[in-house]
Amino acid sequence: MNVTERVIREQFPFWTDALTLDLPVPGTKLNVIVGCGTSFYLALSIAAAFNAQGHQAIAVPGAEWARRPRNYAADEADATVVALSRSGESSETVQAVEESRKRGLRTIAITCEKDSSIARAAETVVYARTHPDEGIVMTVSASLMLMAGFRMAGFSLDAGIARTAETLMQRADADLARIIRNRSHFVYLGAGVQYGLATEGALKLQEMSLSTSQAFHPMEYRHGPISLVDETSFVVMIYNHATAAEEAKVVSDVQSKGAFVLAFGGPGDLSFDLPADDAGRALAALPVLQLLGERVAQMKGADTEAPRHLNKVVVLA
Ligand SMILES: O=P(O)(O)OC[C@H]1O[C@](O)(CO)[C@@H](O)[C@@H]1O
């Protein structure tokens with residue numbers, strides 16, 4: 001087992017720690033959740049969770065919020081900026097915090113590095129301790145920041161979520177290597193809070209296994225992208241509890257065209273139950289998506305400890 005996989009498997013004690021973090025309350029006006037890469041995809045899920053819990057929120061890539069906030073919010077007065085960054089050093093996310101402070105906005109950083117640029121730049125810092133051996137590919141820290149964001153949104157989570165996620169990951173892994181055989185077209189589908197998770201699953205697979213992968217809202221998938229589906233397709237469906245019945249029709253559609261469907265929370269070729277609440281669903285599914293990236297990488301002979309063209313931190317020159 002390589003270090004990437006070991007870290008994915010050893011993440012759950014860190015979840016238990018993250019459940020006890022003291023978190024600031026969301027802003028009463030607009031909350032702008034920013035990040036880069038994985039951290040932006042987490043922001044998509046967290047912003048949806050904020051809205052679902054009655055806090056107005058949008059997710060914006062760090063670079064975009066730093067450079068053109070007016071393209072995302074006509075009125076940013078009194079906004080609260082919540083910046084996610086494992087390293088605390090991604091230039092665009094740090095810039096987003098620094099620019100927001102110059103504009104007088106409240107700033108909160110969620111990071112896994114206490115001594116970092118973002119921790120120095122933000123007014124309030126939430127520090128989540130992560131696995132010391134986590135490498136370039138972000139796995140444990142993604143789970144921890146997602147958990148912190150969901151808890152900040154107001155979802156109550158307890159130690160049961162760590163046990164649920166670990167059990168699900170172990171059960172799914174019994175089949176992952178088998179079900180990906182001969183599959184080369186990867187699609188992730190999720191609605192609402194699960195859309196961010198779908199985008200993160202697609203990114204994880206891409207950077208770990210050098211495969212082309214895409215993420216869509218399930219009902220969007222039939223409006224064009226479905227034209228690519230054939231016997232090489234592998235579709236991950238993260239069902240949204242409220243709309244599972246219509247999402248199951250999308251699954252039937254892609255199955256009839258040759259796709260294999262790994263499903264969470266509804267029917268598929270291989271399916272697993274998930275907790276009913278949006279936060280529990282996303283957190284329970286995430287480690288399986290991380291391990292799926294590793295299994296596809298192994299199938300293709302890609303080294304996830306040294307993924308091509310990637311560094312742990314991207315700092316603008
Ligand atoms: O959370 P951070 O440290 O700002 O990193 C964000 C992105 O940058 C990387 O760490 C490096 O590209 C990615 O793994 C991640 O998606």
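Please read all numbers here as calculations on a predicted model, not as lab measurements. Whatever order the structure lists them in is the order used to number ligands and atoms, beginning at 1.
Below 4.0 Å from some heavy atom of Ser39 lie the following atoms of ligand 1, by number and element: 1 (O), 2 (P). Residue Gly37 approaches ligand 1 through these ligand atoms, each under 4.0 Å from one of its heavy atoms: 16 (O). In summary, the atoms of ligand 1 found under 4.0 Å from a heavy atom of Asn311, numbered by their order in the structure, are 11 (C), 12 (O). Atoms of ligand 1 found under 4.0 Å from any heavy atom of Ser85 (numbered from 1 in listed order, with element): 1 (O), 2 (P), 3 (O), 4 (O). The distance from ligand 1 to the heavy atoms of Arg86 drops below 4.0 Å at these ligand atoms: 1 (O), 2 (P), 3 (O), 10 (O).
The minimum heavy-atom distance between His241 and Ala276, with the atom names listed, is CB-O, 3.7 Å.
Distances from atom 13 (C) of ligand 1 to the protein include no heavy-atom value under 4.0 Å.
Ring geometry for His217 versus Tyr195: interplanar angle under 30°, hence parallel rather than tilted (30 to 60°). Relative ring orientation between His131 and Phe14 is described as tilted, the plane-to-plane angle lying within the 30° to 60° band.
Side-chain N/O atoms of Ser117 and Glu89 include a donor and acceptor closer than 3.5 Å. Residues Asn2 and Glu294 have side chains that bring a donor and an acceptor to within less than 3.5 angstrom of each other.
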Side-chain donor-acceptor distances from residues 309-317 under 3.5 Å, at least two apart:
unit_1	atom_1	unit_2	atom_2	d
Lys312	NZ	Glu134	O	2.8

What pairs of donor and acceptor atoms, side-chain ones from residues 71-78 against any protein atom, are under 3.5 angstrom apart with sequence neighbours left out?
unit_1	atom_1	unit_2	atom_2	d
Tyr72	OH	Glu64	OE1	2.4
Asp75	OD1	Ala77	N	3.0
Glu76	OE1	Arg103	NE	2.9
Glu76	OE2	Arg103	NE	3.2

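Looking only at protein heavy atoms, the nearest one to atom 5 (O) of ligand 1 is Ser90 OG, 3.4 Å. Looking at atom 7 (C) of ligand 1, its nearest protein heavy atom turns out to be Cys36 O, 3.5 Å. Remark: minimum distance from atom 10 (O) of ligand 1 to any protein heavy atom is reached at Lys312 O, 2.8 Å.
At a heavy-atom cutoff of 4.0 Å, ligand 1 is contacted by no atom of Glu89, backbone or side chain.
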Could you go step by step and tell me if Leu189 and Val251 meet the side-chain contact (heavy atoms from CB on, under 4.5 Å) rule?
CA-CA 10 Å; Leu189 303 177; Val251 164; 6.0 Å; no
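Considering Ser87, Cys112, Ala83 only, the shortest heavy-atom separation from atom 3 (O) of ligand 1 involves Ser87. Around atom 15 (C) of ligand 1, the closest heavy atom drawn from His309, Met138, Glu207 belongs to Met138. Closest heavy-atom approach to atom 16 (O) of ligand 1 within the set Thr38, Leu310, Leu84: this belongs to Thr38.
With respect to the salt-bridge test (charged N to carboxylate O, under 4.0 angstrom), the residues Lys204 and Glu200 qualify.
Residue contacts with ligand 1: Ile136 is included, with a non-hydrogen atom under 4.0 Å away.
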